[in-house]
2 protein chains.
Amino acid sequence: MSTIGFSEHDHASCIARAVRDVEARCEEARLQLTPVRRRVLEILLDGHRAMGAYDILDLLRREGLGSQPPVAYRALDFLVKHGFAHRIEKLNAFVACTHPGADHAPAFLICRDCSAVAEAHEARVALDESARQSGFAVESAVIELEGLCPLCQNGAGA
Amino acid sequence: MSTIGFSEHDHASCIARAVRDVEARCEEARLQLTPVRRRVLEILLDGHRAMGAYDILDLLRREGLGSQPPVAYRALDFLVKHGFAHRIEKLNAFVACTHPGADHAPAFLICRDCSAVAEAHEARVALDESARQSGFAVESAVIELEGLCPLCQNGAGA
DNA sequence: GGACTAATGTGATATTATAACAGTCGTGTC
DNA sequence: GACACGACTGTTATAATATCACATTAGTCC
């Protein structure tokens with residue numbers, strides 16, 4: 001699927017499925033999943049963790065898909081805007097969305113050891129309640145919890 | 001109290017009180033509230049909103065307290081480390097803590113109109129519960145809600 | 001085909017943050 | 001008093017992240 005893949009397992013097929021899913025959504029919503037945008041999505045899915053814009057740009061460069069920062073940022077903006085990826089503020093980095101479609105603003109669980117990022121959806125509700133009570137009208141939320149994932153707590157190290 | 005103050009009201013006295021409070025805590029904890037650190041705290045209190053490191057640095061420069069980025073960053077690191085200020089990831093900016101002492105990791109309500117930042121403490125609990133259930137060990141949390149504060153919802157504009 | 005919008009290519013630059021190392025200053029020790 | 005030590009500061013340089021501006025290309029509608 002890519003020049004990057006070191007971990008073969010069934011990762012490739014799960015990426016392929018995710019890409020097809022996004023493809024379908026784009027078609028439905030009349031969005032253009034152009035080569036660069038598609039490739040950036042694949043890179044994020046393949047990386048399977050939060051990646052910096054310049055990490056992604058490096059890969060694009062090697063593949064001749066773009067060499068200047070705006071190329072990466074524009075693709076990332078597109079993916080984030082339409083919910084196919086998320087920006088992790090704490091890391092100045094990006095992850096592919098693991099629940100595309102569920103129109104959401106999830107919480108993220110970031111492992112400081114293996115850098116894995118998980119989405120947690122239940123977390124939102126209580127927060128909105130709390131803010132609303134104070135009269136504050138929430139429009140967007142950044143909820144990022146850093147710590148150790150279950151695997152790394154056991155010394156697995158992902 | 002400072003060369004910056006445009007809004008006179010009783011802001012000055014509330015800043016003075018906050019500074020004295022931090023002073024006391026530093027004395028107790030054997031921390032050095034040096035001139036630069038103290039001035040950065042005052043600037044944050046006076047600004048009364050999230051300020052970028054370079055905004056602060058500009059003010060320090062005019063006062064001859066330091067001219068290079070590390071000066072501002074070191075003072076901010078100190079204040080954040082000891083809970084006298086907080087970093088707002090979403091804004092790459094800093095605010096003075098409004099509840100120093102309560103050893104906390106609060107949620108922030110950020111008004112996109114007037115840039116005011118409020119701390120909300122009730123919000124935490126539900127999140128920790130949620131994360132814990134997934135087996136993830138939370139060590140630090142970034143919870144930032146952007147929207148409109150009650151004043152700006154009324155067209156006040158703070 | 002002409003007008004339009006969306007996307008890309010590219011060079012330059014803005015913004016945020018840190019590394020590295022030398023100098024200063026107080027404090028304790030002998 | 002000389003010294004060693006630690007914490008802080010001053011300064012240069014540079015890294016890392018992000019955006020602006022403008023020219024060009026590609027697709028779409030009429």
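Letters A, B, ... mirror the listed sequences (proteins, then strands); counts begin at 1. Both backbone and side-chain heavy atoms feed into the values below; hydrogens, waters and symmetry mates do not.
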Whether A:Y54 stacks on the six-membered ring of D:dT17 base, 5.5 Å and 30° limits: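 Taking the rule of under 5.5 Å and under 30°, the ring of A:Y54 does stack on D:dT17.
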Find which nucleotide of DNA chain C each of A:A75 and A:P69 is nearest to by heavy atoms, and output the residue with the more 5' nucleotide.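 In this pair, the answer is A:A75.
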More 5' along DNA chain D: B:N92 or B:L31, using each one's nearest nucleotide?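 Between the two, 5'-proximity favours B:L31.
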What heavy-atom pair brings A:L41 and A:L79 nearest, and what distance separates the two atoms?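 Nearest heavy atoms, A:L41 then A:L79: N-CD1, 3.8 Å.
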So, B:E63 and B:R61, do they make that salt bridge, N to O below 4.0 Å?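 No, no charged N to carboxylate O under 4.0 Å.
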Which one, [options], comes nearest to the side chain of [X]?
| X | options | result |
| --- | --- | --- |
| A:R37 | C:dA19, C:dT10, C:dT8 | C:dT8 |
| B:Q32 | D:dC8, D:dT12, C:dT10 | D:dC8 |
| A:V36 | C:dT10, C:dT8, C:dT16 | C:dT8 |

d([atom1], [X]; [atom2], [N]) in whole Å:
| X | N | atom1 | atom2 | value |
| --- | --- | --- | --- | --- |
| A:R38 | C:dT8 | CZ | P | 14 Å |
| A:E89 | C:dA17 | CD | P | 12 Å |
| B:L33 | D:dT9 | CG | P | 10 Å |
| A:I56 | D:dA16 | CD1 | P | 16 Å |

Assign the ring pair A:Y54 / A:Y73 to parallel, tilted or perpendicular, where the plane angle (0 to 90°) is split at 30° and 60°.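 Ring orientation, 0 to 90° scale: perpendicular.
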Got A:R112 and A:E146 here, is their nearest side-chain heavy-atom distance under 4.5 Å?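 A side-chain contact exists here, since the closest heavy-atom pair is under 4.5 Å.
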